[in-house]
Amino acid sequence: MSKPSKLSELKFSFVKLPKEEQEQFRRFANICQIMSNKPKPPKFCPHCRSVHFVKNGIKCGSQRYLCRFCNKSFTAESKTILYGSQKERLVWHYYVFCFLRKLSLRETARMCEISLPTAFAWRHKLLYCLKNMFDQQELQGIVQADEMYFSRNNKGQRWPDIKKFYKRTCTPEQDSEQRAEYEKRQKALQIQPPKSTRGISDDKFCLTFAVDQNRKLHATISNRGNPSSAELKNALQGKIKENATLVTDSKAAYNKVALDFHFEHIKIPPKQHKQAGYTLSLVNNAHRHFRTFIEDHLMGVATKYLPNYIVYFQLTYCQDDLDEKQKEIFDFIDKTYFRVKIKEISKRPLYPTFD
């Protein structure tokens with residue numbers, strides 16, 4: 001008996017899906033037809049920004065161009081995160097489709113037919129690039145601001161074992177040399193023994209959230225422990241438009257922030273939820289969703305990757321049209337000259353530093 005073809009298996013699986021998922025799949029198929037598998041021609045040279053360039057043949061299926069000003073060769077994907085990828089451009093479309101729907105890495109790797117390490121690396125390459133998308137976003141109107149705290153997390157970090165590091169049979173001189181080498185390695189990796197302390201301390205990383213009435217979100221890691229007014233000012237500087245109304249709790253550090261930025265400041269008194277009709281419901285809702293996203297959906301993330309997952313949460317917080325957002329992401333990738341190597345992702349410092 002012959003095996004059923006892949007097309008018949010796909011049709012059988014498609015019929016079993018709910019109607020909403022069938023409609024989403026049809027919309028995605030239409031977008032894949034609209035989106036060309038080939039990148040758009042460049043408007044200027046990525047090396048010198050000159051508009052004087054000509055076609056220079058095809059290599060590995062990609063059209064190459066030659067700049068007449070700097071005499072350098074390039075493609076439409078040069079200096080983007082897609083440059084040098086061994087997969088077709090359509091695979092990246094599938095990956096962004098899974099990425100926006102917050103599928104797990106294993107499920108994404110299975111659907112895109114890539115390995116699990118590649119799925120992890122692509123996620124962080126994409127998040128590194130999309131950080132620039134929120135740099136020019138400004139909140140306006142009534143802005144609610146508050147902070148939340150996350151304990152440091154060393155998920156995925158292999159701690160050096162001192163018993164395995166030392167040799168059992170060695171002279172005292174060799175033992176002292178090995179101990180010095182071990183301490184040097186610890187200092188180089190910025191490794192500290194994990195400790196758990198209660199309350200707000202340096203073991204907690206402060207995330208400053210700000211949400212406006214249109215549910216636009218800004219979030220960043222401001223410091224370790226209880227933030228000062230200068231640290232809150234750095235976290236919110238350039239992210240809120242003038243003549244805005246800043247709604248916060250009774251934390252004294254926000255007084256100087258509102259005074260320096262010339263915001264109207266509404267403070268919610270302690271043990272109260274409302275003041276003159278203003279509440280902190282939007283920012284508290286964002287806190288709850290972010291903690292659920294990190295702890296329940298992702299099962300915790302390493303502290304060194306937390307800034308990237310803040311960007312991930314900002315992308316998926318407002319449930320807009322995901323198909324339009326997917327097209328917007330690809331347009332942004334094609335226009336943004338930004339590259340990051342996988343080695344730079346894995347060798348990132350364990351904990352962010354603050355000046």
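These numbers come from the heavy atoms of this one structure, side chains and all, not from hydrogens, waters or symmetry mates.
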Scan side-chain atoms only and decide if His265 and Thr248 contain a donor-acceptor pair under the 3.5 Å cut-off.
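Thr248 and His265 do have a side-chain donor-acceptor pair below 3.5 Å.
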
Pairing donors with acceptors under 3.5 angstrom, does anything connect the side chains of Lys131 and Asn308?
yes

Please answer whether the main-chain N or O of [Y] pairs with a side-chain N or O of [X] as donor and acceptor at a distance below 3.5 Å.
X	Y	answer
Glu138	Lys241	no
Gln140	Asp212	no
Tyr278	Ile268	no
Tyr149	Asn226	no
His47	Cys67	no
Ser85	Ile81	no
Glu231	Asn223	no
Asn56	Arg64	no

Counting only heavy atoms from other residues, nucleotides and ligands, does the tally under 6.0 Å from [atom1] of [X] exceed 12?
X	atom1	result
Phe69	CZ	no
Gln86	CD	no
His297	NE2	yes

Would you say that [X] contacts [Y] through its side chain, given a criterion of any heavy-atom pair below 4.5 Å between the two side chains?
X	Y	result
Gln314	Met133	no
Val96	Phe330	yes
Leu105	Leu116	yes
Tyr305	Arg123	no
Met148	Asp146	no
Leu207	Leu306	yes

Roughly how far, to the nearest 0.5 Å, is the CG atom of Leu66 from the CZ atom of Phe74?
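Atom-to-atom, Phe74:CZ and Leu66:CG are 8.0 Å apart.
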
Please determine whether residues [X] and [Y] belong to a single hydrophobic cluster, defined as Ile, Leu, Val, Met, Phe, Trp and Tyr linked transitively by side-chain heavy-atom distances below 4.5 Å.
X	Y	value
Ile142	Tyr254	no
Met111	Tyr95	no
Ile240	Phe209	no
Leu246	Leu217	no
Leu103	Leu127	no

Can you name the closest pair of heavy atoms from [X] and [Y] and give their distance?
X	Y	value
Lys204	Ser151	NZ-OG, 2.8 Å
Ala253	Pro227	CB-O, 4.3 Å
Thr80	Thr336	CG2-O, 3.5 Å
Tyr83	Glu77	CB-O, 3.0 Å
Gly300	Lys155	O-NZ, 2.7 Å
Val283	Ala145	CG2-C, 4.4 Å

Pair Lys256 + Asp260: basic N to acidic O under 4.0 Å:
yes

Between Arg215 and Tyr317, is NZ or CZ placed under 6.0 angstrom from the six-membered ring centre and within 45° of the ring axis?
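Flagged: Arg215 positioned over aromatic ring of Tyr317.
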
Compute the centroid of each ring, for His124 and then for Phe120, and state whether the two points are separated by less than 6.0 Å.
yes

Begin from the C-alpha positions of Glu147 and Asp249 and carry the test side-chain contact (heavy atoms from CB on, under 4.5 Å) through to its verdict.
CA-CA 10 Å; Glu147 63 278 352; Asp249 55 11; 4.2 Å; yes

With ring-ring contact (aromatic ring centres under 6.0 Å, His included) as the test, would you mind laying out the steps for Phe290 and Phe150 before giving the verdict?
CA-CA 11 Å; Phe290 183 71; Phe150 270 88; 5.6 Å; yes

